[in-house]
Number of protein chains: 2
Amino acid sequence: MPLPQTEMPGRLQALFSERGIRMTQQRRAILQVMETATKHLDAAHLLRKAKRLDPSVDRSTVYRTLQLLKRHGLIDELDLMHIHGEGHYYERKLNRDHIHMACLRCGKIMEFVSDIFDKLKGQVEKDCRFRIVVSRLEIGGYCASCSK
Amino acid sequence: MPLPQTEMPGRLQALFSERGIRMTQQRRAILQVMETATKHLDAAHLLRKAKRLDPSVDRSTVYRTLQLLKRHGLIDELDLMHIHGEGHYYERKLNRDHIHMACLRCGKIMEFVSDIFDKLKGQVEKDCRFRIVVSRLEIGGYCASCSK
DNA sequence: TTCGAGATGCGACTGATTTGCAACTGAATC
DNA sequence: GATTCAGTTGCAAATCAGTCGCATCTCGAA
Ligand SMILES: [Mn+2]
Ligand SMILES: [Mn+2]
Ligand SMILES: [Zn+2]
Ligand SMILES: [Zn+2]
């Protein structure tokens, strides 16, 4: 289930004005890219794609906007097992969290939704009296094809 | 359950010779530190502590040894929600995996062992036919004291 | 002991992210 | 529509984490 399009376009922009966050040309481009991305983007990819919509977008604006989106809980940050370098990957946060699996051999990234995962988070909230804001389960290993 | 001392001292060294990995003064110091650490260490802290045991230890040797330990599955790498900067944290891998929770307000790190977590990993292995080598569940949120 | 593969320190380097600052701009107000 | 200014931007430089090349050293097998 690769980044399902369960969101209406312009949703991020809508959330921005709901929260009284100022909209700018550059942010519009960046949000557009995040919203329509079909895979996990790192800052450099995000910049390249945003520049296509608005060539004035600068690297630092991308980073600043990523921070903003993180602070507002609108995106998730991933390591994806650092299969390519030390950077981070980002994805639009949807209603339901999912797990990420990265194949250490072929580099494929898989996603997985699980009731047990939700249950586990429930357990943490209850047993540890911990109010969860963001959660990240990343698994490294070997995919079906690479396992044999 | 903060980094339980369920391992006998010198265990990492023993594992090194079992696997025919060469032992050096510097590695001895680094392993010693990893083994006796009572909290999650980043590379800089690890270096400082290792230097106390063997002042000749260099930063690059610390990084190289961390890579070695990772490759052999003897340590886990953590982000701890990047509460302090972009660097990584390391801890000795014990028999049983645990979850990490980081309080976004007070910065406290908590650990939690859960059967449901083990079950979840079983589900991933079975349903996704994915052979898990390493897994990392990190949660950000508010601890009991900071929640009120 | 000898000896070579492998490990080390050092310093330079890369890649990722952040920052200070002067100039600009969105959107609220008139 | 013009005015206003707090918030945002691009740019260049800085910082931070991690890596690398290479000459030198050292572990440990023979
Ligand atoms: Mn990371
Ligand atoms: Mn831990
Ligand atoms: Zn694979
Ligand atoms: Zn707290």
Side-chain angles (χ1 to χ4, degrees), chain A residues 12-33 40-72 75 77-90, chain B residues 12-33 40-48 50-72 75-90:
Chain A
L12 278 177
Q13 278 197 51
L15 285 167
F16 263 46
S17 48
E18 267 176 43
R19 299 176 193 214
I21 305 170
R22 182 182 297 195
M23 184 52 53
T24 65
Q25 274 220 20
Q26 294 84 346
R27 285 182 179 171
R28 222 180 322 267
I30 294 167
L31 298 192
Q32 179 76 234
V33 172
H40 307 94
L41 296 174
D42 60 21
H45 276 69
L46 178 50
L47 172 62
R48 233 171 300 141
K49 291 190 158 230
K51 260 187 189 307
R52 257 175 246 150
L53 300 180
D54 175 352
S56 82
V57 177
D58 184 73
R59 194 159 36 96
S60 60
T61 300
V62 166
Y63 280 109
R64 291 193 269 236
T65 304
L66 284 172
Q67 281 191 124
L68 184 66
L69 287 162
K70 262 194 284 177
R71 237 184 299 125
H72 284 264
I75 58 171
E77 188 178 58
L78 302 168
D79 272 10
L80 299 182
M81 286 297 141
H82 289 306
I83 282 189
H84 313 287
E86 294 292 310
H88 290 118
Y89 296 86
Y90 301 90
Chain B
L12 278 177
Q13 278 196 50
L15 284 168
F16 263 46
S17 48
E18 266 176 43
R19 299 177 192 213
I21 305 170
R22 182 183 296 196
M23 184 51 53
T24 65
Q25 275 219 21
Q26 294 84 346
R27 285 181 180 173
R28 221 179 325 266
I30 294 167
L31 298 192
Q32 179 77 234
V33 172
H40 307 95
L41 296 174
D42 60 21
H45 276 69
L46 178 49
L47 172 61
R48 236 173 297 141
K51 261 187 188 308
R52 258 176 244 151
L53 301 179
D54 175 352
S56 82
V57 177
D58 184 74
R59 192 163 41 100
S60 60
T61 301
V62 165
Y63 280 110
R64 289 193 270 237
T65 305
L66 283 172
Q67 282 190 125
L68 185 65
L69 286 162
K70 263 193 284 178
R71 238 183 299 124
H72 284 264
I75 58 171
D76 273 328
E77 188 178 59
L78 302 169
D79 272 9
L80 299 182
M81 286 297 142
H82 289 305
I83 282 191
H84 313 288
E86 293 294 307
H88 289 120
Y89 295 86
Y90 301 90

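- Atom pair A/R27:CZ and D/dT8:C1' shows a separation of 6 Å (rounding to whole Å applied).
- In this structure, the CZ atom of B/F16 is 12 Å from the P atom of D/dG28, given to the nearest Å.
- Residues of residues 63-71 of chain B that place a heavy atom closer than 4.0 Å to DNA chain C, in numerical order, are B/R64.
- Across all their heavy atoms, B/A43 and B/L66 have their closest contact at CB-CD1, 4.2 Å.
- One interatomic measurement links the two molecules: CD of B/E86 to C1' of C/dT14, which rounds to 16 Å at whole-angstrom precision.
- The aromatic rings of B/H84 and B/Y89 sit perpendicular, their planes meeting at an angle over 60°, well past the 30° parallel limit.
- The distance from the CD atom of A/Q26 to the CG atom of A/D58 is 9.5 Å, given to the nearest 0.5 Å.
- At C/dA16, none of the side-chain N or O atoms of A/H88 fall inside 4.0 Å of OP1 or OP2 (strictly under the cut-off).
- Toward the 5′ end of DNA chain D lies the nearest nucleotide of A/V57, the other residue of the pair A/V57 and B/S60 mapping further downstream.
- Residue-level contact check: A/G85 touches neither bases nor backbone, having no heavy atom under 4.0 Å from any strand.
- Here the straight-line distance linking atom CG of A/D79 with atom CD of A/E86 works out to 8.0 Å at 0.5 Å rounding.
- Taking only side-chain atoms of B/T61, from C-beta outward, the nucleotide of D/dG18, C/dG9, D/dA12 with the closest atom is C/dG9.
- Residue A/D79 contributes atom CG, which lies 11 Å from atom P of D/dG18 at whole-angstrom precision.
- For B/R59 against C/dG9, no side-chain N or O and base N or O form a donor-acceptor pair under 3.5 Å.
- B/D58 places its CG atom 18 Å from the P atom of D/dC22, with the value rounded to the nearest Å.
- Considering CZ of B/R27 and CG of B/L69, their distance stands at 8.5 Å, rounded to 0.5 Å.
- A perpendicular orientation is assigned to the rings of A/H82 and B/H88, their planes being inclined by more than 60° (bins at 30° and 60°).
- Rounding to whole angstrom units, CG of residue A/D54 and C1' of C/dC24 are separated by 14 Å.
- With rounding to the nearest 0.5 angstrom, the CZ atom of B/R52 is 10.5 Å from the CG atom of B/L47.
- Closest non-hydrogen pair, A/L41 versus A/L46, comes out as CD1-CD1, 4.3 Å.
- Rounded to a whole Å, the CG atom of A/L47 is 11 Å from the P atom of D/dC11.
- Straight-line distance from the NE2 atom of B/H82 to the P atom of D/dC16: 16 Å, rounded to whole Å.
- Between B/S56 and C/dT8 there is no side-chain polar atom (N or O) within less than 4.0 angstrom of OP1 or OP2.
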(request) If a protein heavy atom is under 4.0 Å from the base, mark B; if only from the sugar-phosphate, S; if neither, -; do that for nucleotides 25-30 of chain C going 5' to 3'. (result) BBS---
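- Defined by atom type and a distance below 3.5 Å, a donor-acceptor pair is missing between the side-chain atoms of A/T24 and A/R28.
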